[in-house]
Amino acid sequence: HSNREMWFQDFFPPNMCPINAKANTFYGIMFDAGSTGTRIHIYTFVQKSPENLPEVEGEIFESVKPGLSAYADQPEKGAETVKALLDMAVDAVPPHLWKKTPVVLKATAGLRLLSEEKAQALLSEVKEVFEESPFLVPEDSVGIMDGSHEGILAWITVNFLTGQLSGQNQQTVGILDLGGASTQITFLPRFEETLKETPEDFLTSFEMFNSTYKLYTHSYLGFGLKAARLATLGALNMEVVDGQMFRSSCLPKQLEAEWHFGGVKYQYGGNKEGETGFKPCYLEVLKVVKGKLHQPDEIRRSSFYAFSYYYDRAADTNLIDYERGGVLEVRNFERKAKEVCDNMERYSSASPFLCMDLTYITALLKEGFGFRDNTVLKLTKKVNNIETSWTLGATFYLLQSLGMTY
Ligand SMILES: O=c1[nH]cnc2c1ncn2[C@@H]1O[C@H](COP(=O)(O)OP(=O)(O)O)[C@@H](O)[C@H]1O
Ligand SMILES: [Ca+2]
């Protein structure tokens, strides 16, 4: 500031000084190109002093379906969905800050599963949309995110929003994210044992807000809820022949329908003659998860934050309140799975996959990760009115790398 602007600063506490309030407000735009949808998060931050962490003053959030991967053969059309969302940011960010506001898109499992060529075509169309916008386009502004970063950045978000990354006595919480195509588990190990027993590629050191965290994290590609449906049906990574029917005991007996995922059409249905219900369904789903995941002993005794499809399916079946979320034990998912699978006609109007989804969640938690029946899960969509998504952590990381925050 020039001296002329500063004269009144003595009369205000620093954070109320009108000049400071303006100068310390900044924006960040983060796109989450997920396998089932594309979302924009426009964050407003205030940095009140260099000693404190920036504060999130607000978030504007919008989403579109389907995700970019559904446009694998029409990359320009895919990029148009991004353009429509970015137009919201032009309205939300004050024009004098456009050039200082970075815009980034990170794609997750949907694009990881596409061929390199198709993924790159989509990403370069998006890059063009960004270049034509009035915003700051950093290097690497468009790309596929590393699976390990997806978990770490969601962990940063949740622990930042719950106040665990500032001050002494940090009691961080682990997180579980269940997407359409992949699933992540991330926590800060408390015991030396865990570090010894864990494969090196499950451990990542990460620096954020002047602290270094050595986190346990892994992203399991193909273990998201929708990929798991295909795996249960025996259709994941299959060359699908036209007219081919995939059947499961997790689906209503008489059901026959089709379903599009990742640009491929699948026909599926129930076991017309054979068994249906929780027991046969659990055995089917078990084949998808058993022995496929690393089981850190430590997590059996800690509670986790869970979101995405854990949240959605718990809310769909009234295990939690749709707006406020809730606290559950692993066994609640199992009970609900039994109730739904053994009364399939009553529930299938909502979604024919409800039994399969709840059974998969149960098997993933118990047989996949090795959680106990009484492990506590906190289901949240928002903390302090901000979405619990990896996008906030990613925006902090971006601002840090651009030297815009401390
Ligand atoms: O910002 C968000 N707020 C709330 N839920 C979100 C947000 N982003 C993604 N989700 C949830 O993520 C799940 C879909 O996963 P996604 O499409 O991100 O697949 P992926 O992570 O496997 O690429 C859904 O449960 C959806 O509600
Ligand atoms: Ca996701």
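All ligand and atom numbering here is 1-based and tracks the order in the structure. All residue numbers refer to positions in the sequence shown, counting from 1.
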Under 4.0 Å from one or more heavy atoms of H41, ligand 1 contributes atoms 1 (O)

Is K83 salt-bridged to E132, cutoff N-O under 4.0 Å?
no

Short list, please: which atoms of ligand 1 are under 4.0 Å from a heavy atom of G34?
17 (O), 18 (O), 23 (O)

Going by salt bridge (Lys or Arg N to Asp or Glu O under 4.0 Å), E367 matches just one of K287, K290, K292. Which one?
K290

Does either side chain, that of T391 or that of Y43, offer a donor lying less than 3.5 Å from an acceptor on the other one?
yes

Residue, atom name and distance, where the atom is the protein heavy atom closest to atom 17 (O) of ligand 1:
T36 OG1, 2.6 Å

Side chain, backbone, both or neither: the part of D312 lying under 4.0 Å from ligand 1 by heavy atom:
side chain

Which segment of D32 sits under 4.0 Å of ligand 1 when only heavy atoms are counted
side chain

Got an N/O contact under 3.5 Å between A181 and ligand 1?
yes

Under 3.5 Å between any N/O of K381 and any N/O of ligand 1: does that happen in this structure?
no

Classify the ring geometry of F304 against F371: parallel below 30°, tilted from 30° to 60°, perpendicular beyond 60°.
perpendicular

Hey, is K381 close enough to E387 for a salt bridge, meaning N to O under 4.0 Å?
no

Measuring from atom 15 (O) of ligand 1, which candidate in G180, G110, S308, S182 has the nearest non-hydrogen atom?
G180

Take the angle between the ring planes of F396 and F45 and call it parallel below 30°, perpendicular above 60°, tilted in between.
tilted

For F61, is the nearest heavy atom under 4.0 Å from an atom of ligand 1?
yes

Are any of the protein's heavy atoms under 4.0 angstrom from atom 6 (C) of ligand 1, yes or no?
no

Parallel, tilted or perpendicular, judged at 30° and 60°: which one describes the rings of F187 and Y216?
parallel

Side chain, backbone, both or neither: the part of Y311 lying under 4.0 Å from ligand 1 by heavy atom:
neither

Do me a favour and list the nearest non-hydrogen protein atom to atom 3 (N) of ligand 1 with residue, atom name and distance?
E387 OE1, 2.3 Å

Could you tell me, atom by atom, which parts of ligand 1 come under 4.0 Å of a heavy atom of E150?
21 (O)

Report yes if some N/O of G179 lies less than 3.5 Å from some N/O of ligand 1; otherwise report no.
no

Pairs where residues 182-301 contributes a residue and the test disulfide (SG to SG under 2.5 Å) is met, not counting sequence neighbours:
C250-C281

Close approach, G67 and ligand 1, non-hydrogen under 4.0 angstrom:
no

Indicate the ring-plane relationship of W98 and F135, choosing parallel, tilted or perpendicular according to the 30° and 60° boundaries.
perpendicular

Please write down residue, atom name and distance for the protein heavy atom closest to atom 23 (O) of ligand 1.
T108 OG1, 2.5 Å

Which atoms of ligand 1 have any heavy atom of R39 under 4.0 Å away?
8 (N), 9 (C), 14 (C), 16 (P), 17 (O), 18 (O)

Are K279 and E284 close enough for a salt bridge, meaning some N to O gap below 4.0 Å?
no

Would you call the rings of F202 and H218 parallel, tilted or perpendicular, where under 30° means parallel and over 60° means perpendicular?
parallel

